[in-house]
Amino acid sequence: MIVLKVFVAWFVLTFSVSSVADELMQFSSALNKTRYQSLIEELRCPKCQNQNLADSASGISVDLREQVHQMIEDRKTDQEVIDYMVARYGEFVLYRPQQSSATILLWYGPFILLGLGFFTFAVVLIANRKKREALL
Amino acid sequence: MRKFLLFVPLVIFLILGTFFYLQLGKDTQYMPSALIGKNVPSFKMVSLKTDQVLTQDDLPKQPYLINFWGTWCPACHIEHPFLVELAEQGVTLVGVDYKDEKSLAEQWLAQKGNPYTMILMDELGRFGVDLGVTGAPETFVVNASGQIVYRHQGPINADNWSEIKGYLQ
């Protein structure tokens, strides 16, 4: 019985991986297929803001997936595909924004905050030590 | 000094509060176009009316609108009568029949009237991608020097026309 349960669970989990991007696409190499997969997961669907190209079923996503596929098969580099999309849809389509003056806080803000935290921590420590020394 | 520190959370709250308040009511679906300030991308498309191949050189020389539409698009049905009205007022409209079939498009124009001075057939949606279109209807305003100055997603109507009109010069 337990074996059956395990089997059913395995079956359901294996085949329930949701994938909208199920167009039949031919790739000339396994590498190209991997590149395609990682690119469509990193590019955002311009129509449906909280989905990437891989997950979206909207018409424009189907077109853009086809475009990515074609560019990869045309031996374009990943950067060329990304530049192509940015030229048409703006930085908006990148889930990983490029580093620029506009995104500097986005990229380094957490580290700045971490630094501020350490600074405050050090200031408090030193203040406490001074207080203790004054008491002694 | 100590007392001032007590007010730090309040100050942070006020700054964040103002920031979030200013974001209220903004259209979350709005997406800036990457083509603002650029020329219309080059193309080679077949004209719906004459079957001739048209290029960017055939575009109007005065300010005009590029309107993406398709017979498959419900919002385009709603938009169409207003476009006809605009054409009657003398607005130059370039239509892009986006991912559509020629016979259906011809039928649509015969029934509803044709507001476009020229119609380009973008059957595969390649020109749409070049312009960063996300669907139909979508409209671009091109100024007299051939630059894209504004993009509007969704149907044009009497409410939003006044804003779009401002860019048409």
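On a predicted model such as this, the values are computed, not experimentally measured, just so you know.
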Heavy-atom count check: over 12 atoms from other residues, nucleotides or ligands less than 6.0 Å from [X] [atom1]?
| X | atom1 | result |
| --- | --- | --- |
| A:K131 | NZ | no |
| B:K165 | NZ | no |
| A:K33 | NZ | no |
| A:Q79 | CD | yes |
| B:E101 | CD | no |

Tell me, side chain or backbone of [X] under 4.5 Å from chain B's heavy atoms, or both, or neither?
| X | result |
| --- | --- |
| A:F92 | side chain |
| A:E91 | neither |
| A:V93 | neither |

Minimum heavy-atom distance [X]-[Y], with the two atoms named:
| X | Y | result |
| --- | --- | --- |
| B:V129 | A:I60 | CG2-CD1, 4.3 Å |
| A:A87 | B:L35 | O-CD1, 4.2 Å |
| B:A34 | A:G90 | CB-N, 3.3 Å |

| request: May I ask you to decide if B:L131's main-chain N or O and A:Y89's side chain share a donor-acceptor pair within less than 3.5 Å? | output: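 No, the answer is negative, given that no donor and acceptor are paired below the 3.5 Å cut-off.
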| message | Would a single hydrophobic cluster contain both B:F43 and B:F140, if residues Ile, Leu, Val, Met, Phe, Trp and Tyr are joined by side-chain heavy-atom contacts under 4.5 Å? | response |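 Same cluster.
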| Shared hydrophobic cluster, B:F19 / B:L10 (ILVMFWY, side-chain heavy atoms < 4.5 Å) |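 Different clusters: B:F19 never reaches B:L10 through Ile, Leu, Val, Met, Phe, Trp or Tyr contacts under 4.5 Å.
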| Should B:R126 and A:D63 count as an ion pair when the cut-off is N to O under 4.0 Å? |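 A:D63 and B:R126: not salt-bridged.
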| field | Inter-residue atom distance A:R88.CZ - B:D130.CG, 0.5 Å rounding | value |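 Result: 4.5 Å between the selected atoms.
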